[in-house]
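Numbered from 1 within each chain, the chains take letters A, B, ... in sequence-line order.
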Amino acid sequence: MESKDDQFSEKPLFTSLLLKWFEQNARKLPWKEGKDPYQIWVSEIILQQTRVDQGLPYYHRFISQFPTIFDLAKAHEDHLMEVWRGLGYYSRVRNMQITARLIVENYNGKFPADRNELIKLKGIGPYTAAAMLSFAFNQPFAVVDGNVVRVLSRISGVKKPYSSPEGRKLIEQKAEQYLDKTNPGIYNQAILDFGATWCTPQKPKCSTCFFKENCDACKNEIVHLLPVRKQKLAKKTRYFIFFLIYDESGQLALQKRSDKDIWRSLYELPQIELTDFEENNVKEALAGYLKNNFNHFIPTCHFLQQSFQLLTHQKINARFYQLNGFQTIQSAEYQFNFVNIKNLCKFAFPKIIEKFLKSINIIHC
DNA sequence: AACCCGGGGAT
DNA sequence: ATCCCAGGGTT
């Protein structure tokens with residue numbers, strides 16, 4: 001009686017309040033019903049980077065198609081993909097079958113209750129291992145997923161991104177500190193449900209939160225700023241000038257891009273890259289290019305058009321010029337090749353090049 | 001450490 | 001459009 005109270009009061013305040021919150025607010029989810037490691041594993045893999053609402057119907061279908069790990073191990077790949085279709089991240093299900101076969105072969109169909117063993121399995125990383133160990137085997141491992149990072153960042157005011165070594169250390173330390181080691185499964189479920197339904201990314205329910213008096217982010221009114229995400233690299237802006245060059249027989253000059261940069265191994269027009277499109281800079285670059293590459297007979301140079309392309313990490317500015325009066329005899333050491341424009345369809349171009357070639361009506365595919 | 005994998009819901 | 005989701009594998 002007294003020991004029970006002592007035990008309760010020894011828990012961190014956050015832990016006690018979270019467990020109390022969970023008593024009233026637990027989500028009912030099918031994989032919480034039993035403690036079958038196989039079903040828990042299936043649910044955790046499905047829920048990687050996937051919302052519960054989205055994954056739920058897939059979970060039911062998966063379990064009905066592959067009720068045991070033996071069914072999964074001997075399933076045909078087409079059947080797997082049919083069940084997984086539309087869920088995304090398809091390597092998840094391929095890795096599942098690799099792991100299922102290994103578990104059947106080496107472990108008689110039963111997952112080992114050992115983190116060092118689980119973590120070796122395809123598709124099981126730190127999160128999924130902790131989830132399986134705590135949910136199925138009641139071992140004291142704290143889950144750390146997007147929900148947990150958000151909750152802990154806010155209540156503890158962690159301003160380092162989880163992706164940084166310092167941020168990761170802080171969060172993992174807090175996760176370990178708050179974990180209820182006597183009931184790790186319950187605690188982990190609680191913090192996941194709390195993150196998913198209360199301490200949400202947008203519009204968290206701070207005004208009715210059990211922890212608002214103690215939450216660092218809430219007290220300092222920086223909830224909306226946490227967690228700090230890894231800074232996306234600023235979009236680099238690049239400036240290319242592409243040259244449309246025909247030889248005497250009407251063939252077009254192309255060159256292949258290197259393996260290092262964007263558009264690797266695609267084809268493009270002969271090109272120079274500038275630091276900007278400031279007028280004098282462009283003039284100098286053009287003059288230099290013509291002088292260095294066509295020193296016996298300088299072609300004339302006409303501006304055709306300008307265009308833009310937005311990539312994930314880069315903003316591309318492109319200008320296109322046509323060079324007239326090119327003479328093949330001087331081309332021996334050029335890095336580009338001349339291609340019959342009838343064959344242009346065979347080459348893979350960056351979107352911005354393809355768009356240009358279509359705009360001047362020399363490819364149609 | 002950076003990049004890749006993906007469809008979908010919320011804003 | 002952008003963010004983010006019960007992350008993990010590869011290079």
Atom pair distance, as rounded to whole Å: CZ in A/Arg92 and C1' in C/dC5: 10 Å

Taking the six-membered ring of A/Phe240, is the NZ or CZ of A/Arg319 close enough (under 6.0 Å from the centre) and on axis enough (within 45°)? no

A/Tyr246 and A/Phe326: aromatic ring centres closer than 6.0 Å? no

Would you kindly say whether A/Glu176 and A/Gln173 are connected by a side-chain donor-acceptor distance under 3.5 Å? no

Calculate the interatomic distance between A/Asn188 atom CG and C/dG7 atom P; express it in whole Å. 13 Å

Would you say a side-chain N or O of A/Lys122 is under 4.0 Å from OP1 or OP2 of C/dT10? yes

Taking only side-chain N and O atoms of A/Ser43, does any of them lie within less than 4.0 angstrom of OP1 or OP2 on C/dA6? no

Phosphate-side-chain proximity, A/Gln49 and C/dC5, N/O vs OP1/OP2 below 4.0 Å: no

Check the distance between C/dA6's C1' and A/Gln39's CD and give it to me in whole angstrom. 17 Å

Inter-residue atom distance A/Gln65.CD - A/Tyr58.OH, 0.5 Å rounding: 13.5 Å

What is the nucleic acid contact for A/Trp84, judged by heavy atoms within less than 4.0 Å: base, sugar-phosphate only, or nothing? nothing

In whole angstroms, how far is the C1' atom of C/dC3 from the OH atom of A/Tyr162? 19 Å

Spacing of A/Tyr89 atom OH relative to C/dA6 atom C1', expressed in whole Å: 14 Å

Which whole-number value in Å describes the distance from A/Met96 CE to C/dG7 C1'? 14 Å

Output the rounded distance in Å from OH (A/Tyr90) to C1' (C/dG9). 18 Å

Would you say a side-chain N or O of A/Arg27 is under 4.0 Å from OP1 or OP2 of C/dA6? no

On DNA chain B, nearest-nucleotide positions of A/Gln54 versus A/Gln202: which is more 5'? A/Gln54

Classify the side chain of A/Arg229 and the base of C/dC3 as holding, or not holding, a donor-acceptor pair under 3.5 Å. no

